[in-house]
Amino acid sequence: MAHKASFAAIIVAAGKGLRAGQSIPKQFALWRGKPVLRHSAERLANAGAAPLVVAIPAGYEDEARQALDGIPAVHLVSGGESRQDSVYIALESLEAHSPDYVLIHDAARPNLPQSVIIRLMDVLEKEAGAIPVLPVVDSLVVACDGFMTGSTEREKLRRVQTPQAFRFEAILSAHRAWHGDRTAGDDAQVLRASGGDVALVMGDEKLHKLTFAEDFMEQMPAIRTGMGFDVHRLALGEELWLCGVKIDHDHGLSGHSDADVGLHALVDALLGAVAAGDIGDHFPPSDPQWKGARSSRFVEYAVSLVTKAGYRIGNVDLTLMCEAPKIGPHRDAMRRKLAELLSVDIEQVSVKATTTERLGFTGRREGIASQAIATVIRNGE
Ligand SMILES: Nc1ccn([C@@H]2O[C@H](COP(=O)(O)OP(=O)(O)OP(=O)(O)O)[C@@H](O)[C@H]2O)c(=O)n1
Ligand SMILES: C[C@](O)(CO)[C@H](O)COP(=O)(O)O
């Protein structure tokens, strides 16, 4: 960007992020592989903003330093009770630098296009303030106690985003002059209250504010796939369980649990689809509590992790590799059992079988192998 005027930026990142339901304030949570805060800090620094003042909650200095590592000219300040307080504290800290312009941005809007910054800066050459806005596409009503009490002219309304750009002296004086509750919705309202003009430029849907847990889910793919593979040794004197069905056979599978090779491959496929490790992480063979355990418990647990990750099962496809027993006569019982364990329709479950042409350990009837693939679909899709 080739603007002659100097410009600083403020990122307000001092909120609690309660509505987002993350384990830490949302600005420090990972989004598209990086802390939320880092995304817009990088974009603002690349656009030439200096210094970059970041308002953070008390006690989160380490998280903030880590999130902003390597970004030049960053100054941290402790934020205030409200967003408006956080902005004001950051503005006062910039007084010594006295930049020509300042961009004030929510950390919670990580996807900041450079085109928006350019549009804002261009307007500041003429106006004291400029903000990015988007049209309202739905009709709007006034609500009271669950009933509509009126309507509004949406053509006159705009959705307001950040960054909001200001001549530094104008916005600092406006914040200093503010009287009353310090709960202004944004800094444009503060400038307007002091009589300053605020120009509107086109915003961008990419600037969507991460507010609720679902906003974090949207970064995840709508459909994910996992694969699993397992082998167990055939032995005399063991029961044979395959895909949750007990089969009469002269040999059974040996293992720490019931050695159901089909269910084990399926568990790994489900865990793989939501990147939740593998069956050995959750049910170590060294743990005596799993000795002789029904593998259906492992499947139920894997399904619970899929649900916890915000997904549901799309379909599963499983192949058993053995010379004997013949799987065909048991296939429907296996599909029914799997559908029950996964709480899906039987049409979403496929069980196949193959010999390995008498080749290898399965061909010599020393063991049975199984592979499975599972697709999971993000809730809301
Ligand atoms: N005292 C505060 C409150 C909010 N913010 C910041 O203002 C931005 C917009 O606020 P919002 O999305 O409402 O964030 P939170 O207040 O953290 O969210 P919640 O209301 O869910 O707790 C966020 O980047 C947030 O960190 C801030 O710096 N200081
Ligand atoms: C500043 C803002 O992002 C403009 O839309 C918005 O007002 C912040 O509101 P919040 O309630 O603090 O999220």
Side-chain angles (χ1 to χ4, degrees), residues 9-31 34-44 52-61 63-64 67-68 74-94 102-113 116 120 129-136 140 157-166 171 174-175 178 181-193 198-218:
I10 290 171
I11 302 183
V12 279
K16 295 189 175 73
L18 297 176
R19 288 170 292 173
Q22 304 293 301
S23 54
I24 46 174
K26 62 185 176 184
Q27 55 272 37
F28 304 118
L30 293 182
W31 183 81
K34 288 191 269 197
V36 168
L37 166 61
R38 186 172 181 89
H39 289 267
S40 51
E42 282 180 345
R43 304 272 173 90
L44 287 163
L52 181 56
V53 180
V54 183
I56 58 165
Y60 283 91
E61 291 74 14
E63 286 80 356
L68 298 165
V74 168
H75 294 193
L76 299 183
V77 294
S78 265
E81 274 296 302
S82 65
R83 182 189 182 280
Q84 187 179 356
D85 287 328
S86 297
V87 173
Y88 185 36
I89 292 165
L91 279 170
E92 289 288 1
S93 83
L94 272 173
V102 61
L103 293 184
I104 303 175
H105 185 55
D106 291 338
R109 298 181 189 269
N111 198 358
L112 169 53
V116 174
L120 291 165
I131 60 173
V133 296
L134 289 174
V136 177
L140 296 171
L157 299 178
R158 298 290 180 272
R159 291 182 287 143
V160 177
Q161 302 181 311
T162 71
Q164 301 192 344
F166 304 96
I171 191 66
H175 267 268
W178 180 269
D181 286 354
R182 305 190 58 79
T183 53
D186 60 20
D187 303 289
Q189 293 177 18
V190 177
L191 186 68
R192 281 294 299 148
V198 177
L200 306 181
V201 307
M202 182 58 84
D204 196 313
E205 292 290 358
K206 291 195 205 75
L207 266 168
H208 175 68
K209 183 156 73 69
L210 302 178
T211 303
F212 303 108
E214 303 85 87
D215 296 324
F216 279 81
M217 277 306 289
E218 279 164 16

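Note that ligands are numbered from 1 as they come in the structure, with each ligand's atoms numbered from 1 the same way.
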Chemist: Checking the N or O distance criterion of under 3.5 Å, is ligand 1 in contact with L210?
Modeler: no
Chemist: Could you give the distance from CZ (R38) to CD (Q27), rounded to the nearest 0.5 Å?
Modeler: 15.5 Å
Chemist: With respect to atom 23 (C) of ligand 1, which of V12, I11, V87 exhibits the smallest heavy-atom separation?
Modeler: V12
Chemist: Among residues at least two apart in sequence or on other chains, which ones pass side-chain hydrogen bond (donor to acceptor under 3.5 Å, both in side chains) with E214?
Modeler: none
Chemist: Please work out which of Q84, H105, R182, K26 has its closest non-hydrogen atom nearest to atom 14 (O) of ligand 1.
Modeler: K26
Chemist: Students often mix this up, so state it plainly: with edges at 30° and 60°, are the rings of F28 and Y60 parallel, tilted or perpendicular?
Modeler: parallel
Chemist: Could you point out which residue of L112, I104, I10 forms a side-chain contact (heavy atoms from CB on, under 4.5 Å) with P163?
Modeler: L112
Chemist: Is the closest heavy-atom distance from G79 to ligand 1 below 4.0 Å?
Modeler: no
Chemist: Check whether any heavy atom of A55 sits under 4.0 Å from an atom of ligand 1.
Modeler: no
Chemist: For a quick check under 3.5 Å, do E92 and Y88 share a side-chain donor-acceptor pair by atom type?
Modeler: yes
Chemist: Do any nitrogen or oxygen atoms of T211 lie less than 3.5 angstrom from nitrogen or oxygen atoms of ligand 1?
Modeler: no
Chemist: Is the side chain of Q189 donor-acceptor paired with the backbone N or O of G185 at a distance under 3.5 Å, no angle test?
Modeler: yes
Chemist: Distance-only check: which donor-acceptor pairs under 3.5 Å involve side-chain atoms of residues 203-210, not counting sequence neighbours?
Modeler:
| from | atom 1 | to | atom 2 | distance (Å) |
| --- | --- | --- | --- | --- |
| D204 | OD1 | K206 | N | 2.9 |
| E205 | OE2 | R159 | NH2 | 2.8 |
| H208 | NE2 | D215 | OD1 | 3.1 |
| K209 | NZ | T211 | OG1 | 3.2 |

Chemist: Taking the side chain as every heavy atom from C-beta outward, state whether N111 and R43 have any pair of such atoms under 4.5 Å apart.
Modeler: yes
Chemist: Please collect all salt bridge (charged side-chain N to carboxylate O under 4.0 Å, His left out) contacts where either partner lies in residues 182-191, sequence neighbours excluded, each pair once.
Modeler: R83-D187, D85-R182
Chemist: Please verify whether a non-hydrogen atom of R109 lies at under 4.0 Å from ligand 1.
Modeler: no
Chemist: Could you see which bit of P57 sits under 4.0 Å from ligand 1, with heavy atoms only: side chain, backbone, both or neither?
Modeler: neither
Chemist: Anything with a heavy atom under 4.0 Å from ligand 2 counts, so go ahead and list those protein residues by chain and number.
Modeler: R19, R83, D106, R109, V160, T162, G185, D186, K209
Chemist: Is atom 10 (O) of ligand 1 touching the protein, meaning some protein heavy atom lies under 4.0 Å away?
Modeler: no
Chemist: Could you check which of G15, P25, G17 puts a non-hydrogen atom nearest to atom 18 (O) of ligand 1?
Modeler: G17
